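Written out below as structure tokens is the structure these notes cover.
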Amino acid sequence: MIYWFIIVVVISIVLVFNLDKLRRKTTLELRKILYLNHNVALYISLLNNKRLRLIYTKATIEILKLDAWIFQNDDNKIEESFENLSHFHLTKNQKIDIATRKISYYCSINDKDNALEALEDIKKLTQNKKKLHHLVEESSLIVDIYIHHDISRKDDLLIMEKEDQDKNRKGLTNFRLAKLEYYQNKNNEVDYYLKRAIVFLQDEKWLEIAKQCSDNHSLLAKY
């Protein structure tokens, strides 16, 4: 009896491991389709495939669709997704994922009230969780830069840029420095930080955005 129980446990562990591996690989391929190929139609079509429900929950699929609507700047679809997600039974991690997307989106359209509300959600969801404290700091920084246009945060960004060893985070920090310089109409500084952002960014989405902003500085007001 114990022998069969051990076999079932081992098989379950193997299945979970393989499923998690497949989920990570699928997510990576989906991100390439959306952020590298800009093929929103194919991306959504794949997410609507019933087979994906074997590796993703309905809530996760809705969050992935939300990423497409944000990428496409489809305000109606974005708000529809937020509304749909409010009716799901969500895990705490999913709630955090949604709140971070809300901050990014509402900051991008300069919706102060909703951005601040999303920031409060993140503070509540990460309360007493030291490992997630960086999310509060990151979210507060985004709100200060995008909503308050707080030039004084430049010093914080410069320290982060100097100390951070993670290339992608260093790239994002340079991008945000470019954004602060844009608010001050310092075009040479904007060019400098965007070039550095392009060198360091690993994330396909932000790398593409940085390249677009390098060609057209006015896009920094949007991103």
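On a predicted model such as this, the values are computed, not experimentally measured, just so you know. The first residue in the sequence is number 1, and the count goes up from there.
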Could I get the full list of salt bridge (charged side-chain N to carboxylate O under 4.0 Å, His left out) partners for R53, not counting sequence neighbours?
none

Between A68 and I44, which heavy-atom pair has the shortest distance, and what is it?
CB-CD1, 3.8 Å

Keeping the roles fixed (side chain from Y105, backbone from E79), state whether a donor-acceptor pair exists under 3.5 Å.
no

Distance, nearest 0.5 Å, that separates CG of L141 from CG of L172
10.5 Å

I would like to know whether Y223 and Q212 meet side-chain contact (heavy atoms from CB on, under 4.5 Å); could you show each step before the answer?
CA-CA 10 Å; Y223 295 113; Q212 291 177 17; 3.8 Å; yes

Ignoring hydrogens, what is the shortest heavy-atom contact between Y182 and S218? Give both atom names and the distance.
OH-CA, 3.6 Å

Same cluster or not: are I63 and L34 linked, directly or through other Ile, Leu, Val, Met, Phe, Trp or Tyr residues, by side-chain heavy atoms under 4.5 angstrom apart?
yes

Same cluster or not: L177 versus I147, using hydrophobic residues (I, L, V, M, F, W, Y) connected whenever any side-chain heavy atoms lie under 4.5 Å apart?
yes

Could you state the interatomic distance from CG (D97) to CG (L66), rounded to the nearest 0.5 Å?
10.0 Å

For Y106 and A115, the nearest pair of non-hydrogen atoms, with its separation, is CB-N, 3.8 Å

In terms of hydrophobic clustering (I, L, V, M, F, W, Y; side-chain heavy atoms under 4.5 Å; direct or indirect links), are Y183 and V143 co-clustered?
yes

Closest non-hydrogen atom pair between Y56 and T27, with its separation:
OH-OG1, 2.5 Å

Could you please spell out the steps behind the salt bridge (charged side-chain N to carboxylate O under 4.0 Å, His left out) verdict for E208 and K211?
CA-CA 5 Å; E208 180 62 25; K211 288 178 178 178; 5.3 Å; no

One pair to check against salt bridge (charged side-chain N to carboxylate O under 4.0 Å, His left out): R31 and D67. What are the steps and the verdict?
CA-CA 9 Å; R31 286 177 64 82; D67 288 338; 5.5 Å; no

Any chance you could measure N93, atom CG, to I98, atom CD1, to the nearest 0.5 Å?
11.0 Å

Quick one: is the NZ or CZ of K102 closer than 6.0 Å to the six-membered ring centre of F82, and within 45° of its axis?
yes

Starting at NZ of K131, measure out to OG1 of T126 and round the result to the nearest 0.5 Å.
14.5 Å

Are I61 and I78 connected in a single hydrophobic cluster, I mean Ile/Leu/Val/Met/Phe/Trp/Tyr linked by side-chain heavy atoms less than 4.5 Å apart?
yes

Hey, can you tell me if H38 and F71 have their rings parallel, tilted or perpendicular (30° and 60° cut-offs)?
tilted

Between CG of L125 and OG1 of T100, what distance do you get to the nearest 0.5 Å?
10.0 Å

Tested for side-chain contact (heavy atoms from CB on, under 4.5 Å) against L207, the lone hit among I198, L36, N168 is I198

With distance as the sole criterion, is a donor-acceptor pair present between the side chains of N48 and K65 under 3.5 Å?
yes

What is the minimum heavy-atom distance between L22 and I55, and which atoms define it?
CD2-CG2, 3.7 Å

So CG of L157 and OH of Y193: to nearest 0.5 Å the spacing works out to 9.0 Å

H87 atom NE2, neighbour heavy-atom count above 12 within 6.0 Å:
yes

Scanning both residues in full, the closest heavy-atom pair of K162 with K170 reads O-NZ, 4.2 Å

Answer yes or no: is there an ion pair linking K195 with D191, defined by an N-O contact shorter than 4.0 Å?
no

Quick one: side-chain hydrogen bond (donor to acceptor under 3.5 Å, both in side chains) pairs with a partner in residues 132-142, sequence neighbours left out?
H133-E137, E138-R176

